[in-house]
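One-based numbering, in listed order, for ligands and for the atoms of each. Note: hydrogens, waters and symmetry copies are ignored here, and every other heavy atom, side chains too, is used.
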Amino acid sequence: MDNSTDFNSLRGLSVFLLGMMGAGKSTLGELLSRRLQYRFFDTDILIERVAGKKIREIFADEGEATFRELETQVLAELSSLTKTVIATGGGMVLKPMNWSYLRHGLMIWLDVPLEILVKRLKQDTSRPLLESTDLESKLELLLEQRRGLYAEADLRIVVSDLDTPAHIVEKILTAIPTVIKDFHPERDHN
Ligand SMILES: Nc1ncnc2c1ncn2[C@@H]1O[C@H](COP(=O)(O)OP(=O)(O)O)[C@@H](O)[C@H]1O
Ligand SMILES: O=C(O)C1=C[C@@H](OP(=O)(O)O)[C@@H](O)[C@H](O)C1
Ligand SMILES: [Mg+2]
């Protein structure tokens with residue numbers, strides 16, 4: 001079935017996926033973009049392209065502050081696009097300045113319980129913030145620091161252990177028309 005007509009309500013507005021490391025932003029973003037017939041970008045992939053090295057190497061060689069600058073730079077460029085799904089990195093919400101760009105689109109928070117994040121990330125070596133530390137405590141701390149920021153999103157999608165990526169995309173697609181009804185593009189850009 002061609003569902004593209006279901007999404008006219010988005011009127012070309014871009015979608016930003018927000019949430020913790022391991023929430024599934026990169027995985028779902030691609031699927032969602034296909035369903036919406038949108039382009040897809042992942043800020044981490046673009047950062048790696050700009051820097052010519054892996055995220056892990058940027059953190060090791062230049063530090064987190066440089067990574068965060070590149071992150072803002074990439075976001076600023078993406079924010080002028082329409083009809084695009086953007087998977088952000090989990091820390092995109094940290095800089096107040098990034099919000100002025102995120103607000104150009106519909107922001108969706110993938111809210112995934114800590115236990116699921118731990119399960120998904122325990123074998124992962126690509127995320128420098130999770131290196132050489134107790135994974136669960138670190139994720140718990142980051143979630144505590146960031147929860148209030150993610151909660152600023154336009155839409156919160158709660159993910160359970162049994163939700164497949166395809167199922168979560170369906171949840172998002174079902175929720176979009178409702179949230180878009182209350183979406184004001186002229187909203188405060190501060
Ligand atoms: N709904 C899901 N069910 C099971 N595994 C998932 C799901 N979504 C993502 N994953 C897995 O979790 C890990 C992190 O996903 P990823 O998309 O990289 O998250 P993020 O970009 O938010 O950090 C990957 O190994 C991915 O395959
Ligand atoms: O939460 C964070 O601060 C980070 C999340 C990562 O992206 P994912 O959320 O896609 O894992 C990546 O941007 C970097 O390792 C920092
Ligand atoms: Mg990602």
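One finds the CD1 atom of Ile86 at 9.0 Å from the CE atom of Met92 (value rounded to the nearest 0.5 Å). Residue Leu17 holds its CG atom at 12.0 Å from CE of Met107, rounded to the nearest 0.5 Å. Going from atom OG1 of Thr43 over to atom CG of Leu75 covers 7.5 Å, rounded to the nearest 0.5 Å.
Protein heavy atom nearest atom 14 (C) of ligand 1, with residue, atom name and distance: Gly22 CA, 3.8 Å. Protein heavy atom in closest approach to atom 16 (P) of ligand 1: Thr27 OG1, 3.5 Å. For atom 21 (O) of ligand 1, the closest non-hydrogen atom of the protein is Ser26 OG, 2.8 Å. Nearest to atom 1 (O) of ligand 2 among the protein's heavy atoms is Arg146 NH1, 2.7 Å. The nearest protein atom to atom 2 (C) of ligand 2, hydrogens excluded, is given as Gly91 N, 3.3 Å; this is a heavy-atom distance. Taking atom 19 (O) of ligand 1 as the reference point, the nearest protein heavy-atom neighbour is Gly24 N, 3.1 Å. Closest protein heavy atom to atom 12 (C) of ligand 2: Asp44 OD2, 3.2 Å.
For ligand 2, the polar-atom distance check against Met20 finds no nitrogen or oxygen pair separated by under 3.5 Å. The shortest N or O to N or O distance between Gly90 and ligand 2 is below 3.5 Å. Ligand 2 has no nitrogen or oxygen under 3.5 angstrom from a nitrogen or oxygen of Ser126.
Of all atoms in ligand 1, listed by their number and element, those nearer than 4.0 Å to a heavy atom of Met20 are 22 (O). When each atom of ligand 2 is checked for a heavy atom of Pro128 under 4.0 Å away, the hits are 15 (O). Contact atoms of ligand 2 toward Gly89: 7 (O), 9 (O), 13 (O) (distance under 4.0 Å to a heavy atom of the residue). Interface atoms of ligand 1 facing Met21, defined by a heavy-atom separation under 4.0 Å, are 23 (O). Ligand 1 places these atoms under 4.0 Å from at least one heavy atom of Asp163: 1 (N), 2 (C), 3 (N). Taking every non-hydrogen atom of Thr164 and a distance limit under 4.0 Å, the qualifying atoms of ligand 1 come out as 1 (N). Each of the following atoms of ligand 1 lies closer than 4.0 Å to a heavy atom of Ile168: 1 (N). Using a 4.0 Å cut-off to heavy atoms of Leu129, the atoms of ligand 2 that qualify are 2 (C), 3 (O). Atoms of ligand 2 lying under 4.0 Å from any heavy atom of Arg127, numbered from 1 in the order shown and given with element: 11 (O).
For the residue pair Gly105 and Asp154, the shortest heavy atom distance occurs at O-OD2, 3.8 Å. Here the shortest heavy-atom pairing between Arg120 and Gly24 reads NH1-N, 3.9 Å. Shortest non-hydrogen contact noted between Ser9 and Pro177 is OG-CA, 3.9 Å. Taking both residues in full, the closest heavy atoms of Tyr101 and Ser79 are given as CD2-OG, 3.4 Å, listed atom of the first, atom of the second, then distance. Nearest heavy-atom pair, Ile157 versus Ala175, reported as atom, atom and distance to 0.1 Å: CD1-CB, 4.3 Å. The shortest non-hydrogen separation linking Asp44 to Gly89 is OD2-CA, 4.1 Å.
Using a cutoff of 4.0 Å between basic side-chain nitrogens and carboxylate oxygens, Lys25 and Asp42 are not scored as salt-bridged. Ionic pairing of Lys95 and Glu71 is not present here: no N-O contact between side-chain nitrogen and carboxylate oxygen is shorter than 4.0 angstrom. For the pair Lys53 and Glu62, the salt-bridge criterion is met [side-chain N within less than 4.0 Å of a carboxylate O]. Note on Glu115 versus Lys119: no salt bridge recorded, every NZ/NE/NH1/NH2 to OD/OE distance being 4.0 Å or above.
Among the atoms of Thr27, none of the N, O or S atoms falls under 2.8 Å from the Mg ion (ligand 3).
Considering Lys25, Lys119, Arg127, Arg120 only, the shortest heavy-atom separation from atom 2 (C) of ligand 1 involves Arg120. Between Arg68, Glu131, Met92, it is Arg68 that holds the heavy atom closest to atom 3 (O) of ligand 2.
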**Item:** side-chain contact (heavy atoms from CB on, under 4.5 Å) between Leu142 and Met21, worked out
**Value:** CA-CA 10 Å; Leu142 289 174; Met21 286 178 266; 3.4 Å; yes
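At a distance under 4.0 Å, a protein heavy atom can be found next to atom 23 (O) of ligand 1.
For the pair Pro165 and ligand 1, a heavy-atom separation below 4.0 Å is found.
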